[in-house]
Amino acid sequence: VDYNRSSVPLIEIVTEPDLSSAKEAKEYVITLRAILVNLGICDGNLEEGSLRCDANISIRPKGCETLGTKTEIKNMNSFKAIEKAIDFEIERQKKMVTAGIPIEQETRLWDEASQKTHLMRSKEESHDYRYFPDPDLLPLVLEDQTIEALRSKVGMLPLEKKKKFETDYKLSTDEANLLVSNPDYAKYFEAVLKFYDNPRNIGNWFFNEILSHIGQDFHKIHINPEDFASFLKKIDSNEISGKIGKTVLKKSFDAKESLVFIIEKEGFKQITDVKEIEAIIDSIIENNKSQVEEYRNGKTKVFGFFVGETMKLSKGKANPQTVNDLLKKKLG
């Protein structure tokens, strides 16, 4: 029987007992995952078992230097589970100590349904594991120069990238965290920047619109960075409005066609010609004289009616600012 893992290496990373809260432990795993994913050595999928967390928990009285007996929670597969399980175990141990019940060294499992840890097995001491050297595995010695040579190839790590996104691109902390946690997002975002130099506007459309359509399957995105940049330029130049832009995005994802192609195919180009918009407004005013009278008698809320009618007759293509300016001038 061949028990090897299909030549997939298992890396176990162990910390010193330096973490002092469930929240700190969760943040540590989030950052560690971002590093592993950015290095391209792990897809970071906790739910599918690509990354798992075991946590050793022990408590001690304030001011005491010696740690108490530890318990281990095995195989947690989400950030939420890590935080909740550790918090539960800390409280469980506190109650035991307060009640004078000794804490046993043991391995426990987190049960998501009951939101509790349960005993898996009593923890053996190291000699019970009967460790012995494997004659087929030779010692691996890494010299300092080898480590430094590898370190020089790593590139910018997540915390450095996060600082860059916040400082250079003016993104929020949440947005920067989302990019460093998802290298595909960051790669796409920076690719768009090569064609369109407005990171804040890219961020607005990327985080609020693009991700709402594609979610977890980002690697399947059909909109290339240059197409997305051209789309944003058309909004900036008033060729299309922001509202039309959202419609274009939806149609693009539904049909799996480029944004620029959708704009041209559907004739979504915004109407900016003053005379064309003016003709539409004149016809609306002519056919709605009672509403015109209401507006001129101080019922300004009816202004929205005229805006709505103008956008309806122009099929949403009239430039909103031009519509507002012309209506105020003609109704006034």
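Side-chain contact between Lys234 and Val248: absent, with no pair of heavy atoms (C-beta onward) separated by less than 4.5 Å. Considering only heavy atoms from C-beta on, Lys330 stays 4.5 Å or farther from Phe306 through its side chain. Phe88 is listed as a side-chain neighbour of Trp110, based on a closest heavy-atom distance under 4.5 Å. Counting heavy atoms from C-beta outward, Leu157 and Leu39 have side chains that approach closer than 4.5 Å. Side-chain contact between Leu193 and Pro199 is present, with heavy atoms from C-beta onward closer than 4.5 Å. In this structure, the side chains of Leu150 and Val154 stay at 4.5 Å or more apart for every pair of heavy atoms. Side-chain atoms of Glu175 and Phe165, non-hydrogen and from C-beta on, never get closer than 4.5 Å to each other.
With respect to the salt-bridge test (charged N to carboxylate O, under 4.0 angstrom), the residues Lys163 and Glu166 do not qualify. Salt bridge Arg296/Glu293: absent, no basic N to carboxylate O contact under 4.0 Å. Salt-bridge annotation for Glu309 and Lys312: present, with a side-chain N of the basic residue lying under 4.0 Å from a carboxylate O of the acidic one. Ion pairing between Glu91 and Lys94 holds under the 4.0 Å rule for side-chain N and carboxylate O.
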Check your understanding: Should Lys164 and Glu190 be marked as a salt bridge (Lys or Arg N to Asp or Glu O under 4.0 Å) after you check the CA-CA gap, both sets of side-chain angles, and the distance that decides it?
Key -> CA-CA 12 Å; Lys164 177 184 177 183; Glu190 295 195 297; 3.3 Å; yes

Practice item. Test ring-ring contact (aromatic ring centres under 6.0 Å, His included) on Phe206 and Tyr185 and set out the steps. Key: CA-CA 9 Å; Phe206 180 77; Tyr185 292 1; 5.8 Å; yes

**Study point:** salt bridge (Lys or Arg N to Asp or Glu O under 4.0 Å) evaluation trace for Glu278 with Lys275
**Key:** CA-CA 5 Å; Glu278 199 169 23; Lys275 288 184 178 179; over 6 Å; no

Exercise for review: Determine, step by step, whether Glu112 and Lys80 satisfy the salt bridge (Lys or Arg N to Asp or Glu O under 4.0 Å) criterion, reporting the C-alpha distance in whole Å, the side-chain angles of both residues, the deciding distance to 0.1 Å, and the verdict.
Suggested key: CA-CA 10 Å; Glu112 194 66 42; Lys80 190 184 292 184; over 6 Å; no

Review point. Yes or no on ring-ring contact (aromatic ring centres under 6.0 Å, His included) for Trp205 and Phe228, after CA distance, side-chain angles and deciding distance?
Key: CA-CA 10 Å; Trp205 283 89; Phe228 186 37; 7.7 Å; no

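One N or O on the side chain of Lys256 and one on the backbone of Phe253 form a donor-acceptor pair closer than 3.5 Å.
For the residue pair Asp18 / Tyr28, no side-chain donor-acceptor distance below 3.5 Å is found, with atom types taken as modelled.
Within a 6.0 Å sphere centred on CG of Asp197, heavy atoms belonging to other residues, nucleotides or ligands number 12 at most. Within a 6.0 Å sphere centred on NZ of Lys153, other residues, nucleotides and ligands contribute 12 heavy atoms or fewer. In Asp144, the CG atom is not crowded: 12 or fewer heavy atoms of neighbouring residues, nucleotides or ligands sit closer than 6.0 Å.
In the hydrophobic clustering (ILVMFWY side chains linked at under 4.5 Å, chained through shared members), Leu109 is joined by Met120.
Partners of Glu65 according to the salt bridge (charged side-chain N to carboxylate O under 4.0 Å, His left out) rule, which considers only residues two or more places apart in sequence or in another chain, do not exist here.
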In a table with atom names and distances, give each donor-acceptor pair under 3.5 Å that connects a side chain of residues 218-226 to protein atoms at least two apart or in another chain.
from: His222; atom 1: NE2; to: Ser252; atom 2: O; distance (Å): 3.0
from: His222; atom 1: NE2; to: Ser252; atom 2: OG; distance (Å): 2.9
from: His222; atom 1: NE2; to: Glu257; atom 2: O; distance (Å): 3.2
from: Asn224; atom 1: OD1; to: Glu226; atom 2: N; distance (Å): 3.1
from: Asn224; atom 1: OD1; to: Asp227; atom 2: N; distance (Å): 2.7

